[in-house]
Novice: 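Have a look at this one before I ask anything.
Throughout, protein chains are lettered first and strands after them, A, B, ... in sequence-line order, and every chain is numbered starting at 1.
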Amino acid sequence: MIRISFPDGAIREYQPGVTGMEIARSISEGLARKVLAARVNGEVWDASRPITTDATLSLLTWEDTDGKSTFWHSSAHLMAEAVEAIFPGVKFWVGPPIDKGFYYDIDLGDRAISEEQLKQIELLMSDLAKKNSVYERKAVPKAEAVSYFSEKGDEYKLDLLQGLNDGEITFYTQGNFTDLCRGPHIPHTGLIKAVKLTNIAGAYWKGDEKNKQLTRIYGVSFPNQKELDEYLLMLEEAKKRDHRKLGKELGIFTFDDEVGPGLPLWMPNGTVVIEELERLAKETEQDAGYKRVVTPHIAKESLYLTSGHLPYYQESMYPAMEMEGTKYYLKAMNCPHHHKIFAAESRSYKELPLRLAEYGTCYRYEQSGELFGLMRVRCLHMNDAHIYCTREQFADEFRAVNDMYLKYFKIFGIDKYVMRLSLHDPAKLGKKYIDEPELWLETEAMVRRVLIESNIPFIEVPDEGAFYGPKIDVQIWSAIGREFTLATNQVDFAQGRRFKLNFTNKDNQPETPLIIHRAPLGTHERFIGFLLEHYAGKFPLWLAPQQVRILPISDKFLPYAQEVLKQLKKADIRAELDDRSEKIGKKIRDTELMRVPYMFVIGEKEVNEHKVAVRKQGQGDQGAKDVSEIISILKNEITERQ
RNA sequence: GCCGUUGUAGCUCAGUGGUAGAGCACUUCCUUGGUAAGGAAGAGGUCUGGGGUUCAAUUCCCCAUAACGGCUCCA
């Protein structure tokens, strides 16, 4: 007998060779029907795979992340079976589960899949699922696997096989489809009750743009129709939060073909948000000892040769313009300009840390296919600053920058993000990374220590650093699930030297400062795009382009409404008067749709009592208040940035 | 940049090988109504741009361009 330990601590004995499914059945039929896979000694297995030794066991269902992944992986195989039936002779690359669903990369030869055919594949998948085909696992000697795929002429699977050793190669077969696959899989196709193929896209083989492009089909599947319906509904809801849609509806920004792709035009409402963000940044930076600077949008070629950005990033910069025989570039980053301000005067250690801040305008020639609403643009305004400090000052400065991030995130209620510490790869020193092995290790350790001491959860990723030093990125996700770096905090021990920056230290010796690049609010573009989605267009009062709209019930009350408007403006509250001859219901609806936080309804009663009927966006009538009283409430809410 | 899809009024979208339509928005008039759409009339389009096929192209084909879905990239 073998001893099986369960997650609840129970230990039961079974015959050697018992399967996860058999154990499930011994517990209850209901459980057995739900089991998708089994975690045996920490490894996810087919529920049908025999267990021969003592083991810990968790039975995985749809409720488990690994259960879901297995389910989607099996769904990818089911899709492949359907695709192969409709397009005989296609070749498959890989078909993994992803965050929400699965995909399969397919070489269709010179064929293409139309939307209708996608529907057809989806229908066939449902039919095939109903056959309850079992996913059968078979261990195959490498030679046999190679000859199988050689015969098929499948260079993709042969390529996969190259990386595998004899003895670890398995095939899975369900219905008419056999695939080289590590597994595991769910018991049978009948568990897949609802399928939706979401989109078709091109994807480079092995993710390398030099390689051939395969066709990728994305899909998602569920154990019942209800969950699929809910998922589709959720997607619809997410689309409503999309900053591109909200930005248009709320008059925040627009694009124009004649201006150019990726060059946003900020409309009056969006400009208000920009100005409020800048006000916040200026206040915060002033408190933190920053000094503001302003630099031009262009610079001579030599500046970027000194910085090292040319030629490495030339492709991402707008082409040079030539003036009197000299090349000028639109700036893609502010740092070289700031370094020149540092270099403009002789510096003493007494001046450090020197913190130079600028909402700098940068232009980057992002690839056309990369542009994405406000999140990825070609003209951006960075909440940029560079801190020049000594090595001794570094940790404190870095910590202060981190504290600033957290302060901002609290104001905006940002809690869904991941802090990512990007490190260098020692093998690429001198190539991708500046060749300063000790400085790398030293600064990485400093950064890591600051994060740990500040109790900030973070993940570490190797080989993602900037060429001049390690960095911390704050990763966020857009409404439709795309990942972006919202803010960045970077160490730079390279550019100080490149620009021959130095300060005179206590020993009267020149010393190169360490530099911190930081952009806690990222760029106006990405940050406002993010905020639109984060707030679903409902900006807090202090950020709202329009804070109050006055809604007279009839034209008779316009004079009093004008009076109230005057008082609001005097109090520096962004207010407008809806003086259209519309009914109050209509005015309220329009104001609600524009997400104006406060409405002041004015009728006969309010005029007589010298009040306004306050209505809050999304919350309805709040009762009548004295004008001066509500103004002081709003002023407080604005000042506190609630 | 690559693969795929799309481009019709300010917005959302119908539609057709014989020079175009709806709703909302806009203008004017009527209405003066108490917490999410009052009524009427009107104005508004080089059907993304350029070529081609055709007696005739917004519609079919090609190229360009932009957006969208991905891939790649992201200082």
Novice: I want to check one thing: is the phosphate of B/C74, taken as OP1 and OP2, less than 4.0 Å away from some side-chain N or O of A/Arg526?
Specialist: no
Novice: What nitrogen or oxygen pairs link the protein and nucleotides 2-11 of chain B at under 3.5 Å?
Specialist:
from : atom 1 : to       : atom 2 : distance (Å)
B/C2 : O4'    : A/Tyr204 : OH     : 3.3
B/C2 : O2'    : A/Gln213 : OE1    : 2.7
B/C2 : O2     : A/Gln213 : NE2    : 2.9
B/C3 : O4'    : A/Gln213 : OE1    : 2.1
B/C3 : O2     : A/Gly202 : N      : 3.2

Novice: Mind calculating the distance between CD (A/Glu604) and C1' (B/U35) to the nearest angstrom?
Specialist: 17 Å
Novice: Do any N or O atoms from the side chain of A/Glu609 and from the backbone of A/Glu606 form a donor-acceptor pair under 3.5 angstrom?
Specialist: no
Novice: Spell out yes or no: do the side chain of A/Arg364 and the base of B/C73 have one donor N/O and one acceptor N/O closer than 3.5 Å?
Specialist: no
Novice: Hey, do the aromatic rings of A/Trp477 and A/Phe484 have their centres closer than 6.0 Å?
Specialist: no
Novice: Any donor-acceptor pair under 3.5 Å between the side chain of A/Glu582 and the base of B/G39?
Specialist: no
Novice: If the cut-off is 4.0 Å, is A/Tyr365 near the phosphate of B/C74, judged by side-chain N/O to OP1 or OP2?
Specialist: no
Novice: Can you check nucleotides 25-32 of chain B for protein contacts, nitrogen or oxygen pairs under 3.5 Å, and list what you find?
Specialist:
from  : atom 1 : to       : atom 2 : distance (Å)
B/A25 : OP1    : A/Lys586 : NZ     : 2.5
B/U32 : O2     : A/Ser554 : OG     : 3.1
B/U32 : O2     : A/Asp555 : N      : 2.8
B/U32 : N3     : A/Asp555 : OD2    : 2.8
B/U32 : O4     : A/Asp555 : OD2    : 2.6
B/U32 : O4     : A/Ser581 : OG     : 3.4

Novice: Where along residues 91-103 of chain A does a heavy atom come under 4.0 Å from RNA chain B, residue by residue in number order?
Specialist: none
Novice: Answer with yes or no after comparing the ring centroid distance for A/Tyr103 and A/Tyr218 against a 6.0 Å cut-off, counting only values under it.
Specialist: yes
Novice: Taking side chain to side chain contact (heavy atoms under 4.5 Å, CB included) as the definition, give me every residue that meets it alongside A/Lys616, ordered by chain and number, with sequence neighbours left out.
Specialist: A/Tyr598, A/Gln619, A/Gln622
Novice: Are OP1 or OP2 of B/C73 and a side-chain N or O of A/Arg482 less than 4.0 angstrom apart?
Specialist: no
Novice: In this structure, is the centre-to-centre distance between the rings of A/Phe530 and A/His243 below 6.0 Å?
Specialist: no
Novice: Which whole-number value in Å describes the distance from A/Asp242 CG to B/A67 P?
Specialist: 15 Å
Novice: Given A/Ser114 and A/Gln120, is the side-chain contact (heavy atoms from CB on, under 4.5 Å) satisfied, shown in steps?
Specialist: CA-CA 10 Å; A/Ser114 66; A/Gln120 209 186 329; over 6 Å; no
Novice: Report yes if the distance between the aromatic ring centroids of A/His309 and A/Tyr329 is under 6.0 Å, otherwise no.
Specialist: no
Novice: How long is the line joining CD1 of A/Ile588 and C1' of B/U35, in whole Å?
Specialist: 3 Å
Novice: Which string of ( ) [ ] | and . matches RNA chain B, if you list each base 5' to 3' and count Watson-Crick or G-U pairs only when both distances are under 3.5 Å?
Specialist: (((((((..((((....[..)))).(((((.......))))).....(((((..]....))))))))))))....
Novice: Determine whether the aromatic ring centres of A/Tyr468 and A/His517 lie less than 6.0 Å apart.
Specialist: yes
Novice: What is the distance, to the nearest angstrom, from the NZ atom on A/Lys538 to the C1' atom on B/A36?
Specialist: 13 Å
Novice: Are a donor atom and an acceptor atom from the side chains of A/Asp555 and A/Ser581 found within less than 3.5 Å of each other?
Specialist: yes
Novice: Less than 3.5 Å apart, which donor and acceptor atoms pair up between the side chains of residues 544-551 of chain A and the rest of the protein, not counting sequence neighbours?
Specialist:
from     : atom 1 : to       : atom 2 : distance (Å)
A/Gln546 : OE1    : A/Arg549 : NE     : 2.9
A/Gln546 : NE2    : A/Glu576 : OE1    : 3.4
A/Gln546 : NE2    : A/Glu576 : OE2    : 3.1
A/Gln547 : OE1    : A/Arg574 : N      : 2.7
A/Gln547 : NE2    : A/Leu541 : O      : 2.9

Novice: Need to verify one output field. Residue with the more 5' nearest nucleotide on RNA chain B, A/Leu593 or A/Pro261?
Specialist: A/Leu593
Novice: Expressed as a whole number of angstroms, how long is the span from A/His339:NE2 to B/A75:P?
Specialist: 15 Å
Novice: Are A/Arg216 and A/Tyr104 in a cation-pi setup, meaning NZ or CZ lies under 6.0 angstrom from the ring centre and within 45 degrees of the ring axis?
Specialist: no
Novice: Is A/Asp590 salt-bridged to A/Arg580, going by a charged N under 4.0 Å from an acidic O?
Specialist: yes
Novice: Measure CZ/A/Arg378 against P/B/C73 and give the value in whole Å, please.
Specialist: 18 Å
Novice: Using atom NZ of A/Lys583 as one end and atom C1' of B/G39 as the other, report the distance to the nearest whole Å.
Specialist: 10 Å
Novice: Ring centroids only, cut at 6.0 angstrom: are A/Tyr560 and A/His610 within range, meaning strictly under it?
Specialist: yes
Novice: Is NZ or CZ of A/Arg482 both nearer than 6.0 Å to the six-membered ring centre of A/Phe372 and within 45° of the ring axis?
Specialist: yes
Novice: Take the protein atom CZ of A/Phe372 and the nucleotide atom P of B/C74, then report the distance between them rounded to whole Å.
Specialist: 19 Å
